[in-house]
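Reading through the structure tokens given below for one structure.
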Amino acid sequence: MDYAEYFTNRPTDEITRDLIGRPLTFNNRTEKLGGYIVEAEAYMGKLDRAAHSYGGRRSPSNEGLYRTGGTIYIYAQRQYFFFDVACQKENEPQGVLIRAIDPVWGIDTMVKNRNGKSGVLLTNGPAKMMQAFGIHNKNWNLHFLSDSPFIIDLDNNHKRIAQEIIADKRVGINQSDPVWANKKLRFYVAGNPYVSDMKKRDCAYSNGWA
DNA sequence: GTCACGATGCTCT
DNA sequence: GAGCATCGTGACC
């Protein structure tokens with residue numbers, strides 16, 4: 001299956017859930033960095049109060065959401081960057097925010113990129129993950145996944161299976177519209193320590209993998 | 001280990 | 001000029 005097909009043929013929340021456990025890597029020209037996706041959020045487009053494309057809002061900065069499924073949408077907020085992938089067909093501005101990975105490849109380099117922070121602090125949040133990859137700009141915004149150094153491995157044989165995937169409300173959403181703010185559009189591996197805000201006491205021995 | 005708060009810059013009004 | 005799809009630090013368990 002190619003990216004265009006994977007990111008268009010189902011509802012965005014279903015795609016988001018399916019991404020949990022798949023490898024996400026970034027090739028920095030020297031080596032491969034990355035790990036297994038453990039947390040992601042769905043943004044459901046024009047109707048979603050929390051989405052950047054709510055009400056059809058469109059500008060150069062959120063253009064990526066309007067592109068065809070599989071296009072990278074990198075968003076800057078404060079000094080931090082977020083990695084999203086557009087979902088659905090062109091002009092249907094939905095997307096997935098990758099929030100956290102369980103690091104596997106190039107850990108030493110990622111620790112350096114994070115100024116020596118290691119352990120769960122390495123990648124337990126969307127901006128931390130981008131720092132770990134060494135990304136400090138929007139260079140890859142609007143590129144299609146297959147024309148970028150990012151790889152989301154869609155081979156089912158490479159997907160790690162979570163014991164349990166939790167659906168919960170999204171993080172940091174404005175509560176002015178409680179209906180959308182409380183929709184369960186964030187998916188994560190139960191008990192995995194790299195999930196943002198995961199409490200130590202809630203971590204499972206196996207990190208939540210089957 | 002958990003909580004609260006202030007830093008900080010890009011985007012749109 | 002306000003508002004954020006956040007993070008790190010420092011105070012107290």
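Remember, it's a predicted structure, so these values are computed and weren't measured experimentally. FYI, side chains are in, hydrogens and waters are out, and symmetry mates aren't considered; it's all heavy atoms of this structure.
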Quick one: salt bridge (charged side-chain N to carboxylate O under 4.0 Å, His left out) partners of [X], sequence neighbours excluded?
X	answer
R57(A)	none
E164(A)	none
D177(A)	R49(A)
D18(A)	R22(A), K159(A)

>> To the closest 0.5 Å, what do you measure between CG (L97(A)) and OG1 (T16(A))?
In response: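 Interatomic distance, L97(A) CG to T16(A) OG1, rounded to 0.5 Å: 9.5 Å.
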> Taking atom CG of L19(A) and atom CD1 of I37(A), what is their separation to the nearest 0.5 Å?
Replying inline: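 Interatomic distance, L19(A) CG to I37(A) CD1, rounded to 0.5 Å: 5.0 Å.
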>> Considering only residues two or more places apart or on different chains, which pairs with a residue in residues 111-129 of chain A satisfy salt bridge (charged side-chain N to carboxylate O under 4.0 Å, His left out)?
In response: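 Listed once each, the pairs would be none.
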> For H136(A), what residues pass the side chain to side chain contact (heavy atoms under 4.5 Å, CB included) criterion, not counting sequence neighbours?
Replying inline: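 With sequence neighbours excluded, H136(A) shows a side chain to side chain contact (heavy atoms under 4.5 Å, CB included) to Q131(A), given in chain and number order.
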>> Taking side chain to side chain donor-acceptor pair (under 3.5 Å) as the definition, give me every residue that meets it alongside Y73(A), ordered by chain and number, with sequence neighbours left out.
In response: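 If we apply the side chain to side chain donor-acceptor pair (under 3.5 Å) test to Y73(A), skipping adjacent residues, the hits are H52(A).
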> Between F83(A) and F150(A), does a ring pair (Phe, Tyr, Trp, His ring centres under 6.0 Å) hold up when you go through it step by step?
Replying inline: CA-CA 10 Å; F83(A) 179 79; F150(A) 291 94; 4.5 Å; yes
Expected output: side-chain [X] to main-chain [Y] donor-acceptor under 3.5 Å:
X	Y	answer
S53(A)	P93(A)	yes
N141(A)	I74(A)	yes
Q88(A)	R10(A)	yes

Under 3.5 Å between N/O atoms: give me all the protein pairs with nucleotides 3-5 of chain B, atom names plus distance.
none

> Are E63(A) and R58(A) close enough for a salt bridge, meaning some N to O gap below 4.0 Å?
Replying inline: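 Answer for the salt bridge query: yes.
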>> For DNA chain C, which residues of residues 13-21 of chain A approach it to below 4.0 angstrom with any heavy atom?
In response: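 Result for residues 13-21 of chain A: none.
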> For DNA chain C, which ranges pair as stems of 3 or more consecutive Watson-Crick or G-U pairs, with both donor-acceptor distances under 3.5 Å?
Replying inline: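 Result, WC/G-U stems under 3.5 Å: B:1-7 with C:6-12, B:9-12 with C:1-4.
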>> For Y43(A), does the six-membered ring have the charged nitrogen or CZ of R170(A) within the cation-pi criterion, i.e. under 6.0 angstrom from the centroid and within 45° of the normal?
In response: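 Relative to the ring axis of Y43(A), which defines the angle, R170(A) lies inside both limits.
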>> Please give me every residue in residues 134-145 of chain A whose heavy atoms get under 4.0 Å of an atom in DNA chain B, ordered by residue number.
In response: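 Per residue number, the list reads K138(A).
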> In the 5'-to-3' direction, what one-character label does each nucleotide of nucleotides 2-8 of chain C receive under the scheme B = base within less than 4.0 Å of a protein heavy atom, S = sugar-phosphate only, - = no such atom?
Replying inline: --BBBSS
